[in-house]
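The structure appears right after this line, and notes come after that.
Keep in mind the model is a prediction, meaning the values are calculated, not measured. The figures that follow rest on heavy atoms only: side chains count, while hydrogens, waters and symmetry mates do not.
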Amino acid sequence: MKLFSTIIIILAGSCLCAQPSIKVEVSADTIPVGEIVEVTYTIENGDGEFEAPDFGDLPVISGPNTSSSFVYQNGKMSSSQSYTYIFRPIEEGKMIIPEARYKSKNDSMKIAPVEVVVNKYGQRSKAKKSETEITPAKPAREKKKF
């Protein structure tokens, strides 16, 4: 009976620890027109299925580029799956990548939309900068060899 109770406790504990975690990484949140931006979705310890967003007319140049790893160490297993998409916007404005989904056996999770600002300079336009943000350049010091 003790063995049966121990097995139940171990299985219950492993089910509670098996909650997947999802993160989204963006290589830059503001880019100039024509530059690339990478969006990576990483699912850790998940056993479900990633559903990519509908990109519609977004400028996807590559993806999904996938990567996965599985580690079994000291009796514990961990896994990670990554899905990377590369975009090259050709117009100024906000590029919004719609929400993605992750479906597991028990539930479905929504992954929030990602927003990237695309402008001419890859930063806030000069018209919006305040005077305090502009700093004068310091004179360069000349190096001499002796």
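The number of heavy-atom neighbours closer than 6.0 Å to CZ of Phe70, taken from other residues, nucleotides and ligands shown, is above 12. The number of heavy-atom neighbours closer than 6.0 Å to CD1 of Ile90, taken from other residues, nucleotides and ligands shown, is 12 or below. For Asp107, the CG atom counts as densely surrounded, since its 6.0 Å shell holds more than 12 non-hydrogen atoms of other residues, nucleotides or ligands.
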- Query: Does the side-chain contact (heavy atoms from CB on, under 4.5 Å) test come out yes or no for Met95 and Phe87, once each step is laid out?
  - Reply: CA-CA 10 Å; Met95 181 177 73; Phe87 300 89; 3.8 Å; yes

- Step by step, work out the side-chain contact (heavy atoms from CB on, under 4.5 Å) result for Ser82 and Thr66. CA-CA 6 Å; Ser82 296; Thr66 61; over 6 Å; no

- Message: Go through it in stages, so that I can follow the logic: the residues are Thr40 and Thr84, the test is side-chain hydrogen bond (donor to acceptor under 3.5 Å, both in side chains), and I'd like the CA-CA distance, side-chain angles, deciding distance and then a yes or no.
- Response: CA-CA 4 Å; Thr40 303; Thr84 302; 3.1 Å; yes

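Inter-residue side-chain proximity for Ile43 and Tyr83 is flagged as met; some heavy-atom pair is nearer than 4.5 Å. Under the 4.5 Å side-chain criterion, counting only non-hydrogen atoms from C-beta, Val117 is not in contact with Asp29. For the pair Ser108/Arg101, a side-chain contact is recorded, criterion being any heavy-atom separation below 4.5 Å from C-beta on. No side-chain heavy atom of Met77 sits less than 4.5 Å from a side-chain heavy atom of Val71.
Val114 and Ile86 fall into different hydrophobic clusters, where Ile, Leu, Val, Met, Phe, Trp and Tyr residues are linked whenever their side-chain heavy atoms come under 4.5 Å apart, directly or through other members. Cluster annotation: Phe50 and Phe55 are assigned to the same hydrophobic cluster (Ile/Leu/Val/Met/Phe/Trp/Tyr, side-chain heavy-atom contacts under 4.5 Å, transitive).
The shortest non-hydrogen separation linking Pro113 to Ile96 is CB-CG2, 4.3 Å. The shortest heavy-atom contact between Val118 and Pro89 is CG2-CG, 3.5 Å. In terms of heavy-atom proximity, Pro20 sits nearest to Tyr102 at CG-CE2, 3.9 Å.
Looking only at distances, a side-chain donor or acceptor of Arg88 sits under 3.5 Å from a matching main-chain atom of Gly34. A donor-acceptor pair under 3.5 Å links the side-chain atoms of Ser27 to the main chain of Glu38, judged by distance alone. Checked by atom type and distance alone, the side chain of Asn119 never pairs as donor or acceptor with a backbone atom of Glu92 at under 3.5 Å.
Ion pairing of Glu51 with Lys103 is present here, as a side-chain N (NZ or NE/NH1/NH2) and a carboxylate O approach within less than 4.0 Å.
Residue Lys94 holds its NZ atom at 10.0 Å from OG1 of Thr30, rounded to the nearest 0.5 Å. Interatomic distance, CG of Asn45 versus OG of Ser79, reported as 5.0 Å (0.5 Å rounding). Note that CD of Gln81 and OG1 of Thr42 are 9.5 Å apart. Values are rounded to the nearest 0.5 Å. A distance of 9.0 Å separates CD1 in Ile36 from OG in Ser62, rounded to the nearest 0.5 Å.
Classification of the Tyr41-Tyr85 ring pair by plane angle, with boundaries at 30° and 60°, yields perpendicular.
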